[in-house]
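Quick notes on the structure that follows.
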Amino acid sequence: MVPCNPNHRGFHSDVGECVLSDNIFILGDADRVREKIESALFRGDLAQISKLSENLTESISVLVKYLEEMVGARTIMAGGDDVLFEISKENYDESILNEAAVYFTVNSGCSISFGVAETIENAYLNLRKAKSTGGGCVHSEYLK
């Protein structure tokens, strides 16, 4: 294997080598969570904050399990209201991601936005674009 630029999509920091792959990244973030927490804090509604936290934790857990089972996603990170997955391009199916998002919204009380791309950087840009349109959607502009 050949060492490569850390910004290259095939760079694996655990081995420090470049491995070309046909994988993509899915970066998800629940929408307007900070606003919900701030609103509850200002009202002194600690029970609401606790319930939101429980709902988000459970919904993230179910989302992870669903995508691991349905499309063979590898979970890189899942915590709070954020997730990061890596999957093979051939397994990617936006309709499955949308189904997972509907479940997440119903059970957490928050919509979730996703950015999908061949690099983590472009997945992040796509996530920001999804959120800038109001959230609750999948944006995959840089996906080939």
Side-chain angles (χ1 to χ4, degrees), residues 4-15 17-144:
C4 68
N5 180 329
N7 293 322
H8 186 272
R9 73 180 173 92
F11 184 79
H12 293 277
S13 61
D14 55 332
V15 294
E17 296 176 326
C18 182
V19 180
L20 294 179
S21 71
D22 288 325
N23 290 346
I24 61 172
F25 296 95
I26 300 171
L27 182 59
D29 183 31
D31 301 315
R32 293 175 283 287
V33 170
R34 185 186 74 240
E35 290 88 346
K36 289 181 181 214
I37 291 171
E38 286 174 351
S39 175
L41 282 171
F42 288 131
R43 290 190 321 271
D45 191 347
L46 300 181
Q48 180 62 34
I49 294 169
S50 180
K51 182 69 174 163
L52 176 62
S53 176
E54 289 173 20
N55 290 346
L56 286 169
T57 299
E58 175 64 22
S59 297
I60 288 287
S61 177
V62 170
L63 177 70
V64 164
K65 186 174 181 177
Y66 182 74
L67 291 178
E68 286 176 348
E69 291 176 2
M70 295 299 292
V71 295
R74 180 175 76 91
T75 303
I76 297 169
M77 181 229 10
D81 67 340
D82 300 303
V83 290
L84 175 61
F85 302 101
E86 182 178 21
I87 67 167
S88 70
K89 280 185 192 177
E90 67 184 33
N91 287 351
Y92 177 67
D93 184 340
E94 192 167 310
S95 67
I96 290 174
L97 193 55
N98 283 318
E99 287 174 17
V102 168
Y103 176 87
F104 184 90
T105 301
V106 167
N107 289 285
S108 71
C110 300
S111 61
I112 189 166
S113 297
F114 293 101
V116 182
E118 294 174 338
T119 67
I120 293 172
E121 294 85 358
N122 284 342
Y124 178 77
L125 289 173
N126 281 338
L127 174 62
R128 298 312 314 152
K129 289 179 179 185
K131 288 182 146 312
S132 73
T133 62
C137 64
V138 176
H139 196 84
S140 56
E141 179 180 334
Y142 300 107
L143 188 59
K144 296 176 185 170

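Because the structure is predicted, anything quoted here is derived from the model rather than measured.
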Could you check whether any side-chain heavy atom of [X] comes within less than 4.5 Å of a side-chain heavy atom of [Y], counting everything from C-beta outward?
X	Y	answer
Phe85	Val71	no
Ile87	Asn23	no
Ile49	Leu41	yes
Asn107	Val62	no
Tyr66	Ile96	yes

If I take atom [atom1] from residue [X] and atom [atom2] from residue [Y], how far apart are they, to the nearest 0.5 angstrom?
X	Y	atom1	atom2	answer
Asn126	Cys137	CG	SG	10.0 Å
Phe114	Leu97	CZ	CG	4.5 Å
Leu67	Ile26	CG	CD1	6.0 Å
Lys36	Leu56	NZ	CG	8.5 Å
Ile24	Asn122	CD1	CG	12.0 Å
His139	Thr133	NE2	OG1	8.0 Å

- Query: Listed by chain and number, what are the salt bridge (charged side-chain N to carboxylate O under 4.0 Å, His left out) partners of Glu54, not counting sequence neighbours?
  - Reply: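 Testing Glu54 for salt bridge (charged side-chain N to carboxylate O under 4.0 Å, His left out), a comparison that skips the adjacent residues, returns none.
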- Counterpart residues, salt bridge (charged side-chain N to carboxylate O under 4.0 Å, His left out), relative to Lys131 (two or more places apart):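 Per chain and number, Lys131 pairs via salt bridge (charged side-chain N to carboxylate O under 4.0 Å, His left out) with Asp29, Asp31.
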Closest non-hydrogen atom pair between [X] and [Y], with its separation:
X	Y	value
Thr75	Ala78	CG2-CB, 4.0 Å
Ile112	Ala30	CG1-N, 3.8 Å
Cys110	Val33	SG-CG2, 4.0 Å
Thr119	Phe25	C-CD1, 3.7 Å
Leu52	Ser108	CD1-O, 4.1 Å
Ala123	Ala117	N-CB, 3.4 Å

- Query: Is the number of heavy atoms from other residues, nucleotides or ligands within 6.0 Å of CZ (Arg34) greater than 12?
  - Reply: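 Check fails, neighbour count at 12 or below.
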- Task: Look at atom OH of Tyr124 and say whether more than 12 heavy atoms of other residues, nucleotides or ligands are closer to it than 6.0 Å.
- Result: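 Not more than 12 within 6.0 Å, no.
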Any side-chain to backbone donor/acceptor pair from [X] onto [Y]? Under 3.5 Å, distance only.
X	Y	result
Ser61	Thr57	no
Ser50	Ala47	no
Ser59	Asn55	yes

- Task: Could you give me the CA-CA distance, side-chain angles and deciding distance for Ser88 and Asp22, then say whether side-chain contact (heavy atoms from CB on, under 4.5 Å) is met?
- Result: CA-CA 6 Å; Ser88 70; Asp22 288 325; 5.9 Å; no
- Task: Show your reasoning for whether side-chain contact (heavy atoms from CB on, under 4.5 Å) applies to Ser113 and Arg128.
- Result: CA-CA 9 Å; Ser113 297; Arg128 298 312 314 152; over 6 Å; no
- Message: For residues 93-109, which residue pairs pass the salt bridge (charged side-chain N to carboxylate O under 4.0 Å, His left out) check, not counting sequence neighbours?
- Response: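 Sorted result for residues 93-109: empty, none.
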- Message: Looking only at side-chain N and O atoms, does Ser39 offer a donor or acceptor that is under 3.5 Å from a partner on Arg43?
- Response: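 Side-chain D/A pair, Arg43 to Ser39: present.
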- Task: Salt-bridge test for Glu68 and Arg74: reply yes if a basic N is under 4.0 Å from a carboxylate O, no otherwise.
- Result: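 Salt bridge between Glu68 and Arg74, a charged N being under 4.0 Å from a carboxylate O: no.
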- Message: One pair to check against side-chain contact (heavy atoms from CB on, under 4.5 Å): Asn98 and Val138. What are the steps and the verdict?
- Response: CA-CA 8 Å; Asn98 283 318; Val138 176; 3.5 Å; yes
